[in-house]
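One structure is given below, encoded as structure tokens.
Naming: A, B, ... by sequence-line order, numbering from 1 per chain.
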Protein chains: 2
Amino acid sequence: MNEDVKDLNLSVVKAFTLLDAFTMDKQEWGVRELALKKGYNKSTTYRLLNTLESLGVLQKNDNDKYLLGLKLFELGNLVAIHKTLRKYSRTPLENIAREIKETVHFGVLDKNQVLYLNKTESPQGLKVSTQIGSYQKAYCTAIGKVLLAFLPEQKITNYLKAVSLDACTANTITDGEALQKELQKIRAQEYALDMEELELGLICIAMPVYNNKRQVIASISVSGPSSRFKLENIENYISIIKKGAQAIEASMH
Amino acid sequence: MNEDVKDLNLSVVKAFTLLDAFTMDKQEWGVRELALKKGYNKSTTYRLLNTLESLGVLQKNDNDKYLLGLKLFELGNLVAIHKTLRKYSRTPLENIAREIKETVHFGVLDKNQVLYLNKTESPQGLKVSTQIGSYQKAYCTAIGKVLLAFLPEQKITNYLKAVSLDACTANTITDGEALQKELQKIRAQEYALDMEELELGLICIAMPVYNNKRQVIASISVSGPSSRFKLENIENYISIIKKGAQAIEASMH
DNA sequence: AAACAGTGTTTCATATAATGAAACGTTTTA
DNA sequence: TAAAACGTTTCATTATATGAAACACTGTTT
């Protein structure tokens, strides 16, 4: 909305603002409700949606409601950045999931958040389910803490300045200095734990993935309910995840 | 450009027209070259690209060139339609690829073309490689012919009216009546062959995937070089593909 | 060292094209 | 039957996208 007054094309901004309303939780929108939600005029909204539909960016449901269209699927699959990472992470993630039988995630840091690039879901009924392409807070997830830990010091400082460490549960680290200490520990042990810091009952363990210059470029995490996730298994989990990380690293060299 | 004069928002149309220039073959664009390519004014192009960048739809390279951005990755992963199909096709496709050791594709019909929703690549060096989310002609691919064959008769007629059957190789079926006969044969035998009709040296075999109303909603194909693809194996391939198709069907019920 | 060709970027007067209140035509609900 | 919801169209208004030209910068060529 209130951008840097950078001479942007307002129609295009509006169009993508409308698209942002389409989420996992609300996949369909009618003209009026979307106009109301975004505070745009009915006519404007109608014409923008109409335009987006004619481009294949949206498509109409049976109910005359709009849905995200296949043009976005097409464009999304062309996004070059991280594409290689996604491709090479697939098999290793599946191997980890097969051994540990919990949901495995693969992500990178983008705009101070964790961006999930890939996943393999646990075969069990009770499991974590995250949307590929979605973002999550970095400071209270195992995967995010790994990615933060191996950032250059200046960038960690910037992160702490930019982000407010809100509590998600009673376990969330909400103090900057405490987080710094935690990151230091993670660098030393080369893995991170999330002990119900994002969500009660949810425990994760994450490890870094390196490029050939030994920079951390991504992270793998395993997530499961606290009822199944016993601390005595951690050593075992670590060696399995490590193997997966190395497989990804090898395929990129 | 010359749409149905449907009162579209031209800026939005232009924005997506610019995005269409980003393909697998050309992933980066500068302002001037893109303006030239699309016939837009430099300033207009500059501002549109700028707008798209500020939205995360594009991002800048080191060279000041633009690349498709993560916003599109995010949106692409939210496209609901066919998402279920993609999810449930993954494991069966991998099983087929493991047994046959050739590239396996999974697609649907969209706008008179085959839309590739998923794939598993052959482990062998010489292999077919298709872009997920990309489109291909239906009439000269095995997967496309299966999808056409099980369309309602009226829709087949419409297809033949709308599409011109251009020859891709000497084997391409370019005659409407001949294609009708071919589709009839495919319906009877429940599989389609592409005997180098799209590309010389490339042979494919495809079979339908049904929903619980016994309508064909998607198709699986196996593609390989004619040097490896022997006709005496077809019976074997068919039973393997069939098993995969049934696995997908079962998981959707 | 100077001129040149290539970028991306900014300016500003102009006219095009997006805008929104209101009216319209359907369908769904009361 | 009325009312309320929806998507859609109209049309005068003015806000906003436009493009030629100038600008700033970079790397290359003379």
Side-chain angles (χ1 to χ4, degrees), chain A residues 1-23 25-69 71 80-81, chain B residues 1-22 26-69 71 80-81:
Chain A
M1 275 263 115
N2 184 10
E3 284 296 323
D4 247 305
V5 199
K6 235 186 153 194
D7 199 13
L8 302 179
N9 184 308
L10 296 185
S11 296
V12 175
V13 173
K14 276 186 191 164
F16 277 94
T17 306
L18 291 180
L19 290 180
D20 273 332
F22 294 80
T23 63
D25 302 323
K26 182 111 178 70
Q27 304 193 341
E28 319 184 317
W29 286 94
V31 175
R32 276 174 133 94
E33 54 172 346
L34 189 47
L36 186 70
K37 155 99 180 182
K38 293 294 180 182
Y40 298 158
N41 183 282
K42 270 179 303 182
S43 307
T44 303
T45 307
Y46 167 72
R47 278 180 294 234
L48 284 172
L49 292 176
N50 203 12
T51 303
L52 290 170
E53 189 204 356
S54 87
L55 293 163
V57 174
L58 292 174
Q59 57 189 100
K60 272 195 183 166
N61 220 359
D62 304 328
N63 340 333
D64 256 11
K65 304 259 182 185
Y66 289 91
L67 290 170
L68 293 183
K71 183 88 203 167
I81 311 147
Chain B
M1 279 262 114
N2 185 10
E3 285 295 320
D4 246 307
V5 200
K6 235 187 155 195
D7 199 12
L8 303 179
N9 184 309
L10 296 187
S11 297
V12 175
V13 173
K14 275 184 193 166
F16 277 95
T17 307
L18 291 180
L19 290 180
D20 274 334
F22 293 80
K26 182 113 177 70
Q27 304 193 340
E28 323 183 315
W29 286 93
V31 175
R32 276 177 134 91
E33 55 173 344
L34 189 47
L36 186 70
K37 155 98 180 184
K38 292 295 182 182
Y40 297 158
N41 184 282
K42 271 178 304 182
S43 308
T44 303
T45 307
Y46 167 71
R47 279 178 295 234
L48 285 172
L49 292 176
N50 204 12
T51 303
L52 291 169
E53 190 204 355
S54 86
L55 293 164
V57 175
L58 292 176
Q59 56 189 103
K60 272 196 184 168
N61 220 359
D62 305 326
N63 340 332
D64 257 12
K65 305 258 180 184
Y66 289 92
L67 290 169
L68 294 183
K71 183 88 203 166
I81 311 146

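- For the pair A/L10 CG and C/dA17 P, the computed distance is 16 Å after rounding to whole Å.
- In this structure, NZ on B/K65 lies 12.0 Å from NZ on B/K60, to the nearest 0.5 angstrom.
- Put simply, OH on A/Y46 and CG on A/L34 are 14.5 Å apart, with the number rounded to the nearest 0.5 Å.
- Between A/E33 atom CD and C/dT28 atom C1' there is a gap of 16 Å when expressed in whole angstrom units.
- A/N9 has its CG atom 11 Å from the P atom of D/dT16, to the nearest Å.
- Put simply, CG on A/L58 and NZ on A/K71 are 13.0 Å apart, with the number rounded to the nearest 0.5 Å.
- Protein atom OH of B/Y46 is 17 Å distant from nucleotide atom C1' of D/dA20, rounded to whole Å.
- Neither OP1 nor OP2 of C/dA18 sits under 4.0 Å from any side-chain N or O of A/S11.
- Within 4.0 Å of B/S43, counting heavy atoms only, lies at least one base atom of the nucleic acid.
- Computed from coordinates, the A/L36 CG to D/dC6 P distance equals 9 Å when rounded to whole Å.
- Atom OG1 of B/T17 sits about 6.5 Å away from atom CG of A/L55, to the nearest 0.5 Å.
- The interatomic distance linking A/R47 (CZ) with D/dT16 (P) rounds to 14 Å, in whole Å.
- Contact between the side-chain N/O atoms of B/N41 and the OP1/OP2 oxygens of D/dA20 is found at a separation under 4.0 Å.
- Ranked by how close their nearest DNA chain D nucleotide is to the 5' end, A/G30 and B/L48 are led by A/G30.
- When only modelled atom types and interatomic distance are considered, A/T23 and A/D25 share no side-chain donor-acceptor pair under 3.5 Å.
- In this structure, A/T44 reaches the C/dG20 phosphate: one of its side-chain N or O atoms is under 4.0 Å from OP1 or OP2.
- Where A/K42 and B/K42 each meet DNA chain D at their nearest nucleotide, the meeting point lying more 5' is that of A/K42.
- Between B/F16 and A/F16, the ring-plane angle classifies as parallel under the 30° and 60° cut-offs.
- Recorded end-axis angle for the helix from C/dA1-D/dT30 to C/dA30-D/dT1 stands at 30°, based on five pairs per end and rounded to 10 degrees.
- Residue A/D7 contributes atom CG, which lies 17 Å from atom P of D/dA15 at whole-angstrom precision.
- Residue B/K60 contributes atom NZ, which lies 15 Å from atom P of C/dT7 at whole-angstrom precision.
- The side chain of B/Y66 approaches C/dT9 more closely than any other nucleotide in the set C/dA17, D/dT18, C/dT9.
- Residue contacts for B/K65: at a heavy-atom cut-off of 4.0 Å it reaches no nucleic acid atom on any strand shown.
- No hydrogens or angles were tested; on distance alone, nothing pairs the side chain of B/R32 with the base of C/dG6 as donor and acceptor under 3.5 Å.
- When side chains are defined from C-beta on, A/E28 does not count as touching A/E33, because their heavy atoms never get closer than 4.5 Å.
- For the atom pair OG1 of B/T44 and CG of A/N9, the computed distance is 9.0 Å after rounding to the nearest 0.5 Å.
- Close to D/dT8, at under 4.0 Å from its OP1 or OP2, lies no side-chain N or O of A/N50.
- Residue B/K14 places at least one side-chain N or O under 4.0 Å from the OP1 or OP2 atom of D/dT18.
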